**Q** 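There's a structure below that I have some questions on.
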Amino acid sequence: MRLVQFCRKGNEGEIRVGVEHEQGHGVIDLKAFDPSMPPTMRGFLELGQKGMDCAQRALSSDQCIVPHSDIRLLSPVTGPDKVVCVGMNYKDHCLEQNAPIPTEPIIFSKFPSAITGPYDDIMLPNKTQKVDWEVELAFVIGQKGKHIKEEEALSYVAGFTVANDVSARDWQMEKNGKQWLLGKTFDTFCPLGPALVTTAALKDVHHLGVRCLVNGGVVQDSNTNQLIFKTEKLIAWVSQFATLYPGDVFLTGTPPGVGVFRKPPVFLKRGDVVECQIDEIGSIRNTVV
């Protein structure tokens with residue numbers, strides 16, 4: 001299944017959870033299908049299997065379909081408890097920097113307020129002059145857990161989506177002892193979408209093409225088979241430190257081709273269009289303003 005958050009055009013204040021119709025006819029409004037369904041993805045995921053069963057029934061019913069032309073897609077998840085990010089997690093990205101391959105996951109975070117929709121604008125702050133792109137595979141936690149075993153970890157995943165870990169490199173790498181959090185968490189610095197694709201709908205999430213295009217030109221082109229620490233390891237590792245909750249978002253790292261390591265470095269400017277693509281999941285497209 002492909003789960004989405006959306007609002008109807010003209011009624012932007014009312015968030016709904018939907019499931020994409022398999023024939024591409026539109027999105028099935030789950031709350032219209034079953035009024036007991038919560039309005040947000042986080043609330044939906046907190047229902048666990050009950051919510052997924054309802055989505056499956058709705059998909060089979062062919063009822064309550066809203067045409068794509070009538071909706072605006074939002075980030076698949078908004079307001080998570082946490083956004084967990086992983087640094088230096090692609091072998092080819094480490095080679096790009098002549099950096100050693102990590103022996104343990106390198107974890108940082110973004111504030112949930114950085115999340116924005118799959119086609120929303122990226123706001124270029126006046127506090128930075130070095131804003132960069134990072135296409136990433138993201139996944140969303142579907143059930144609460146702590147000290148999760150690696151062999152059980154995939155059962156805690158609700159689904160996968162596409163992310164852009166937009167980064168202010170001057171703050172991340174230069175300012176005041178290297179401000180990783182501030183460099184990563186400006187508003188709109190975490191576009192997500194277009195859908196939350198359930199694990200069962202993907203053949204092999206660790207063998208998917210990953211690309212980023214800036215103004216139509218390919219700047220990143222790799223595969224999730226280059227991930228050093230895969231989904232199961234990341235869940236097991238992070239859950240040693242913090243309880244995971246439904247709706248928590250993990251960004252799994254970026255492949256080579258980011259702007260800061262180009263010669264000379266290249267950074268985003270107003271008017272640039274950034275498209276992040278992952279095979280079988282989809283693409284997000286954001287304009288820098």
Side-chain angles (χ1 to χ4, degrees), residues 1-5 17-28 41 44-45 48-49 51-53 55-60 68 73 75-77 84 86 89-93 105 118 134-143 145 148-165 191-213 218 220-237 244 246-257 275-285:
M1 287 188 295
R2 297 176 60 88
L3 300 164
V4 297
Q5 268 193 159
V17 178
V19 57
E20 287 188 359
H21 192 270
E22 290 176 334
Q23 275 71 51
H25 295 157
V27 170
I28 298 168
M41 186 68 76
F44 171 82
L45 294 176
Q49 193 58 46
M52 291 294 183
D53 289 345
Q56 193 61 63
R57 289 195 306 273
L59 193 57
S60 302
H68 286 293
L73 278 183
S75 166
V77 178
V84 179
V86 187
N89 199 28
Y90 274 74
K91 295 171 190 171
D92 46 10
H93 185 44
E134 290 192 10
V135 60
E136 307 208 4
L137 173 73
F139 63 84
V140 178
I141 296 298
Q143 59 175 308
I148 298 166
K149 295 178 182 177
E150 200 168 327
E151 58 269 25
E152 299 173 356
L154 267 186
S155 68
Y156 286 79
V157 177
F160 294 82
T161 193
V162 182
N164 185 353
D165 177 16
L192 289 175
L196 185 63
V197 183
T198 55
T199 308
L202 298 169
K203 292 174 187 173
D204 181 358
V205 74
H206 297 124
H207 196 85
L208 297 174
V210 179
R211 288 167 298 280
C212 179
L213 291 75
V218 176
Q220 292 181 277
D221 189 359
S222 188
N223 193 290
T224 57
N225 62 18
Q226 290 288 306
L227 282 167
I228 299 163
F229 304 108
K230 295 180 168 54
T231 302
E232 299 91 330
K233 178 67 175 181
L234 295 174
I235 291 171
W237 178 258
L244 303 184
D248 283 355
V249 179
F250 277 65
L251 275 60
T252 62
T254 200
E275 185 170 358
C276 296
Q277 306 171 347
I278 300 181
D279 293 349
E280 298 182 35
I281 297 176
S283 65
I284 59 177
R285 192 172 187 272

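Atoms considered below: every heavy atom in the structure, side chains included; atoms not considered: hydrogens, waters and symmetry mates. Quantities reported herein were computed from a predicted structural model and do not represent experimental measurements. The first residue in the sequence is number 1, and the count goes up from there.
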**Q** Give the minimum heavy-atom separation between Thr161 and Gly193, together with the two atoms involved.
**A**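 Scanning both residues completely, I find the closest heavy atoms to be OG1-O, 3.0 Å.
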**Q** To the nearest 0.5 Å, what is the distance between CD (Glu22) and CG (Leu59)?
**A** 4.0 Å
**Q** Are any non-hydrogen side-chain atoms of Glu151 and Glu232 less than 4.5 angstrom apart?
**A** no
**Q** Which atoms form the tightest heavy-atom contact between Arg2 and Pro194, and what is the distance?
**A**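 That would be NH2-CG, 4.1 Å.
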**Q** Ignoring hydrogens, what is the shortest heavy-atom contact between Leu73 and Val4? Give both atom names and the distance.
**A** CD2-CB, 3.8 Å
**Q** Between the main-chain N or O of Gly253 and the side-chain N or O of Glu136, is there a donor-acceptor pair closer than 3.5 Å?
**A**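 Between the backbone of Gly253 and the side chain of Glu136 there is a qualifying donor-acceptor contact (under 3.5 Å).
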**Q** Rounded to the nearest 0.5 Å, what's the gap from CZ on Phe44 to CG on Leu3? Could you check?
**A** 5.0 Å
**Q** Determine whether a donor-acceptor pair (N or O, by modelled atom type, separation under 3.5 Å) exists between the side chain of Glu20 and the backbone of Ala195.
**A** no
**Q** Among Gln277, Gln220, Glu275, which residue meets the side-chain hydrogen bond (donor to acceptor under 3.5 Å, both in side chains) test with Arg211?
**A**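 The option that passes is Gln277.
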**Q** If I take atom CD1 from residue Ile141 and atom CG from residue Leu244, how far apart are they, to the nearest 0.5 angstrom?
**A**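 Reported value, rounded in 0.5 Å steps: 5.0 Å.
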**Q** Give, for atom CG of Leu202 and atom CD1 of Ile278, the distance between the pair rounded to the nearest 0.5 Å.
**A** 10.0 Å
**Q** Please find the pair of heavy atoms, one from Glu280 and one from Lys203, that lie closest to each other, and give the distance.
**A** OE1-N, 3.3 Å
**Q** Is a donor on one side and an acceptor on the other found under 3.5 Å between the side chain of Thr224 and the backbone of Val205?
**A**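 Confirmed, Thr224 side chain pairs with Val205 backbone.
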**Q** Does Phe229 offer a backbone N or O that forms a donor-acceptor pair with the side chain of Asn89 under 3.5 Å?
**A** yes
**Q** As an exercise, state the distance from CG of Asp248 to CD of Gln143, rounded to the nearest 0.5 Å.
**A** 12.5 Å
**Q** Show the nearest heavy-atom pair for residues Met41 and Val77, with the distance to one decimal.
**A** CG-CG2, 4.0 Å
**Q** For Ser75, which residues count as a side-chain contact (heavy atoms from CB on, under 4.5 Å) partner, sequence neighbours excluded?
**A**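 So Ser75 forms a side-chain contact (heavy atoms from CB on, under 4.5 Å) with Thr78, Ile115, Leu192.
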**Q** Any side-chain heavy-atom pair from Ile28 and His21 closer than 4.5 angstrom?
**A**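 SC-SC contact between Ile28 and His21 confirmed.
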**Q** State, without any angle test, whether His93 and Thr254 hold a side-chain donor-acceptor pair at a distance under 3.5 Å.
**A** no
**Q** For Phe160 and Leu137, which heavy atoms make the closest approach, and how far apart are they?
**A** CD2-CD1, 3.9 Å
**Q** Measuring from Leu227:CG to Asn225:CG, what's the distance to the nearest 0.5 Å?
**A** 8.0 Å
**Q** Report yes or no: does Asn164 contribute a side-chain atom to a donor-acceptor pair with the main-chain N or O of Glu134 at less than 3.5 Å?
**A** yes
**Q** So do the side chains of Asp279 and His207 get within less than 4.5 Å of each other, counting heavy atoms only?
**A** no
